[in-house]
Amino acid sequence: MEFNLTEEQQSIRQAVRELCRKFSPEYWRALDRERAYPEEFVRALTEAGWLAALIPEEYEGAGLGITEASIILEEINYSGGNAAACHAQMYIMGSLLRHGNAAQKSYYLPKIARGELRLQAFGVTEPDAGSDTTKIKTMAVRQGDHYIINGQKVWTSRFQHSDLLLLLARTTPIEQVTDRTGGLSLFLVDLHAAGESIEARPIEAMVNHETNEVFINDLKVPASALIGEEGKGFRYILDSWNAERVLIAAECIGDGRWFVEKASRYASERVVFGRPIGANQGVQFPIAQAYAHIEAADLVRYKAAWLFDQHQKCAPEANLAKLLASQASWEAANACLTTHGGYGLAVEYDIERKFRETRLYTVAPINNNLVLAYVGQHVLKMPKSY
Amino acid sequence: MNIVVCVKQVPEPTGTNRIDPKSLRILREGVDSVLDPADEFSIEAALQIQEANPGTNVVVVSMGPDRALEAIRRGLAMGANKGVLVSDANLAGSDALTTAKVLAAAIKRENPDLVLCATESSDAYTGMVPGGIAHHLGLPLLSYAKKLTLAGGKVQIERQTEAGFQRVEAQLPAVVTVTGSINTPRYPALKGIMQAKKKPVDQLTAADLGFSPEQVGEKGAKEKVLGWAPAEQRKAGTVIKDDGTAATQIADFLAQLKVI
């Protein structure tokens with residue numbers, strides 16, 4: 001059993017850390033205040049090739065795995081930034097890489113690797129179908145050499161900053177399929193060609209996570225936009241989902257380490273009643289406890305990433321990694337805020353921003369309760385609880 | 001054209017160097033080590049020449065323990081073509097002149113047109129190695145370059161001085177030391193890191209370069225460190241309370257120091 005990162009993985013960590021150093025806390029603070037997209041950061045990341053990590057070398061990427069991709073995103077969050085602005089490009093890729101045809105891959109992947117196209121938006125969730133994905137109502141109807149798509153999506157993030165949208169739609173109504181997961185299809189939609197047949201309305205939220213309601217009216221897409229076979233889309237997005245869980249877990253680990261470092265430094269430096277506040281067990285232990293949980297979650301994250309990269313089944317581990325890491329980072333966030341007292345709420349300390357940002361991951365991209373429901377039912381074989 | 005860049009792995013320069021009280025050497029175990037940030041400027045200078053002159057071969061050369069390979073890999077990730085690491089237990093304890101002698105022997109094998117070094121390393125700061133290399137190679141040394149241009153078989157630099165700069169030139173091959181104002185070093189990008197592991201690195205011992213154990217390391221050193229002391233703590237400043245004359249008092253104080 002090998003726990004050390006390879007020399008290459010260490011170099012990746014170091015190089016991303018250095019790139020992130022160029023983007024100061026003030027940079028992220030200003031973006032948060034203005035609810036703006038980190039355009040400059042995403043460009044720097046793309047130019048250095050980091051967002052093309054998963055693209056095979058034959059398509060001008062680096063041909064790395066989810067393990068390396070997760071290290072990249074972890075470092076962004078550890079630096080005080082927020083990888084949410086670009087993480088989707090990593091996990092959406094899973095469906096295209098594993099199930100796209102040669103023509104789709106050779107057309108899109110080099111352009112994505114070069115930064116000419118952004119694949120940042122993923123349209124799955126609908127107002128009446130959240131985690132119950134098979135109930136989505138968006139319909140794609142085949143007409144000759146194209147499909148006409150109608151429906152509505154919600155929580156579609158980064159829509160305005162993406163050139164492509166990976167869209168899940170029903171091609172066979174749910175009443176006509178024997179297996180509810182059947183009859184769903186996945187499309188890679190060119191948003192520029194879509195024009196006004198897709199309209200996005202931004203949703204204001206607690207965090208600067210550019211997200212939208214999306215209305216699709218008679219969107220015409222060529223049949224060549226279909227990923228894999230018609231009706232098998234649900235199976236294809238499972239790969240994206242597992243990748244997403246692992247990557248989000250890594251971002252939480254990055255957040256958690258940021259909080260723990262900030263908290264332990266402040267606890268050692270801040271002197272009240274003649275001694276550092278960290279000399280009090282009431283201050284010190286919650287930080288140490290959060291650290292312990294981060295370390296534990298990190299092991300599950302690496303195991304899940306390893307399984308994914310070995311093309312082995314990894315749904316339980318990927319979901320557990322996300323559950324444990326989001327809990328640990330939220331615990332660290334609270335310990336950090338409590339340690340800083342009132343200062344923790346001051347914007348210039350960056351804690352309140354990171355606090356809001358990391359809170360998201362206990363409810364998204366899947367609510368932690370549903371992870372527990374999944375583990376209870378599918379791993380432990382208990383009765384369905386929802 | 002062949003460019004050799006001398007690099008060194010040093011303890012993370014943002015930390016404080018710790019000295020082994022027995023050997024009086026800088027402790028390198030248990031500390032994060034990095035490619036000396038000062039060397040990144042020389043690598044960048046070489047890569048810019050390479051970009052302007054396709055076909056230019058950039059070789060990074062280092063003397064150090066095996067793990068100094070990490071510093072070489074970073075140079076390769078930035079874009080250098082090849083690495084040379086001189087690593088040998090007999091080299092431990094080498095003084096600056098021995099280091100220069102060994103590096104010069106390693107550099108010579110690369111048949112360089114230009115040798116680039118930082119003005120000094122960020123750990124020991126002797127600043128003697130580039131001069132020593134130039135001596136052993138019998139090449140001119142142009143130091144403190146804040147700008148470097150190549151033309152007509154010559155290298156011309158702007159040599160940083162306290163008052164401004166001097167423009168000096170030398171026939172190639174030559175050794176040039178560069179300052180931190182010469183450029184902004186690039187970060188290794190993902191492709192560079194991936195390619196770095198496939199690039200060749202020659203690993204040499206002192207014997208490979210024709211040196212006996214007596215000629216190098218502690219045995220060959222002509223210079224001996226006798227002792228060390230931490231820098232004196234800065235003394236507390238004078239606090240001037242403003243009773244209406246603070247500005248005059250500060251001005252008088254600065255005038256006394258001949259600052260104004």
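The two residues B/A189 and A/A48 come nearest to each other via the heavy atoms CB-O, 3.2 Å. Heavy-atom minimum distance, A/A62 versus B/M194: O-CE, 3.3 Å.
Of the listed residues (A/G61, A/G49, A/A15), the greatest number of heavy-atom pairs within a distance under 4.5 Å of chain B belongs to A/G49.
Few gaps surround OH on A/Y266; more than 12 heavy atoms of other groups in view lie less than 6.0 Å from it. Around NZ of A/K105, the count of heavy atoms belonging to other residues, nucleotides or ligands within 6.0 Å exceeds 12. No more than 12 heavy atoms of other residues, nucleotides or ligands lie within 6.0 Å of OH in A/Y291, so this atom counts as exposed by the packing criterion. Residue B/D242 places its CG atom among more than 12 non-hydrogen atoms of other residues, nucleotides or ligands, all under 6.0 Å distant. Applying the 6.0 Å contact sphere to OH of A/Y27 captures more than 12 heavy atoms from other residues, nucleotides or ligands. The neighbour count for A/K303 NZ, taken as heavy atoms of other residues, nucleotides or ligands under 6.0 Å away, does not exceed 12. For CZ of A/R98, the number of neighbouring non-hydrogen atoms (other residues, nucleotides, ligands) closer than 6.0 Å is greater than 12. Environment of NZ in B/K147: sparse, with no more than 12 heavy atoms of neighbouring residues, nucleotides or ligands closer than 6.0 Å.
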Going through the checks in order, is the salt bridge (charged side-chain N to carboxylate O under 4.0 Å, His left out) test met by B/K191 and A/E47?
CA-CA 10 Å; B/K191 279 213 177 127; A/E47 278 171 9; over 6 Å; no
Salt bridge (charged side-chain N to carboxylate O under 4.0 Å, His left out) assessment of A/E18 paired with B/R74
CA-CA 13 Å; A/E18 285 171 32; B/R74 185 175 169 97; 2.4 Å; yes
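Here CG of B/L190 is found 10.5 Å from CD1 of A/I55. Values are rounded to the nearest 0.5 Å. With values rounded to the nearest 0.5 angstrom, A/S11 atom OG is found 9.5 Å from B/K197 atom NZ. In this structure, CD1 on B/I193 lies 9.5 Å from CD on A/Q14, to the nearest 0.5 angstrom.
Among the residues in residues 67-86 of chain A, none has a non-hydrogen atom closer than 4.5 angstrom to a non-hydrogen atom of chain B.
Proximity to chain B (any heavy atom under 4.5 Å) is shown, for A/Q10, by neither the backbone nor the side chain.
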